[in-house]
Amino acid sequence: MNSVEQTLSIVKPDAVERNLDNEIKEIFKNKGFIILKEKKIQIEKTEAERFYKVHETKPFYNDLCAYLSSGPIVVMVLEKENAVMANRELMGATNPKDAKDGTIRRKYGISIDKNSVHGSDSVENAKIEIDFFFKD
Ligand code: CMP
């Protein structure tokens with residue numbers, strides 16, 4: 001069944017550093033996503049550690065958190081029918097080398113770490129991740 005969902009998107013430091021945030025936002029809008037909320041911020045490493053807590057046992061956890069907090073990011077709440085899956089399809093595979101043509105990571109990603117964008121992986125996690133950045 002199709003339903004309108006919200007998902008969290010992050011334009012990561014590698015993409016913001018290359019001034020790709022507006023270009024990436026246009027891609028989302030052209031694919032029918034509505035950007036409900038957005039802000040450009042830089043987070044502390046401890047905040048990145050909380051955000052990526054699900055990965056805390058992974059060997060790449062420390063580098064991942066250091067990286068996400070290394071420069072400005074753009075965080076957005078995106079809305080569309082089936083937004084979670086639609087965003088994951090548009091982002092492409094985690095490793096840009098494996099991402100299909102036409103996906104954001106294929107086009108802009110540099111490596112598995114510097115893969116330009118993050119997107120929530122489920123409706124449940126989307127709610128948690130949106131609250132993490134936008135709870136007021
Ligand atoms: P993201 O969707 O932000 O979620 C976790 C991130 O960990 C992922 O994108 C990658 O950038 C990063 N990462 C680094 N190494 C790996 C790995 N071996 N497997 C999965 N994700 C990795």
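When a ligand or atom number is given, it counts from 1 through the structure's own listing order. All heavy atoms count here, side chains included; hydrogens, waters and symmetry mates do not.
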task: Could you see which bit of Ile112 sits under 4.0 Å from ligand 1, with heavy atoms only: side chain, backbone, both or neither?
output: both
field: Check: Tyr108/Asp14 side-chain N/O donor and acceptor closer than 3.5 Å
entry: no
task: Using heavy-atom distances, let me know which of Phe51, Tyr61, Phe60 sits nearest atom 17 (C) of ligand 1.
output: Phe60
- prompt: Is Glu129 reaching over with its side chain to a backbone N or O of Ala126, donor-acceptor style, under 3.5 angstrom?
  reply: no
query: Which one holds for Met91 and ligand 1: side chain close, backbone close, both close, or neither close, with close meaning a heavy atom under 4.0 Å?
result: neither
message: What I want to find out is whether Lys53 reaches Glu49 closely enough, with some N-O distance under 4.0 Å, to be called a salt bridge.
response: no
message: List ligand 1 atoms under 4.0 Å from Tyr52, heavy atoms only on the residue side.
response: 1 (P), 3 (O), 4 (O), 5 (C)
query: Which residue from Leu64, Ile10, Asp121 reaches closest to atom 6 (C) of ligand 1 through any of its heavy atoms?
result: Leu64
- prompt: Would you call Glu38 and Lys25 a salt bridge, taking side-chain N to carboxylate O under 4.0 Å as the test?
  reply: yes
message: Let me check something: do Leu20 and Ile110 share a hydrophobic cluster, defined by ILVMFWY side-chain heavy atoms less than 4.5 Å apart, either directly or through other members?
response: no
- request: Just let me know how Asp113 lines up against ligand 1, side chain, backbone, both or neither, with a heavy-atom cut-off below 4.0 Å.
  value: both
task: Please confirm whether Arg105 comes under 4.0 Å of ligand 1, counting heavy atoms of the residue only.
output: yes
message: Show the atoms of ligand 1 that are less than 4.0 angstrom away from any heavy atom in Lys12.
response: 1 (P), 3 (O), 9 (O), 11 (O)
field: Residue that, paired with Glu5, satisfies side chain to side chain contact (heavy atoms under 4.5 Å, CB included) out of Val123, Leu78, Asn87
entry: Val123
query: Are any of the N/O atoms in Thr94 less than 3.5 Å from those in ligand 1?
result: no
query: Thinking salt bridges, do Asp21 and Lys40 make one under a 4.0 Å N-O criterion?
result: yes
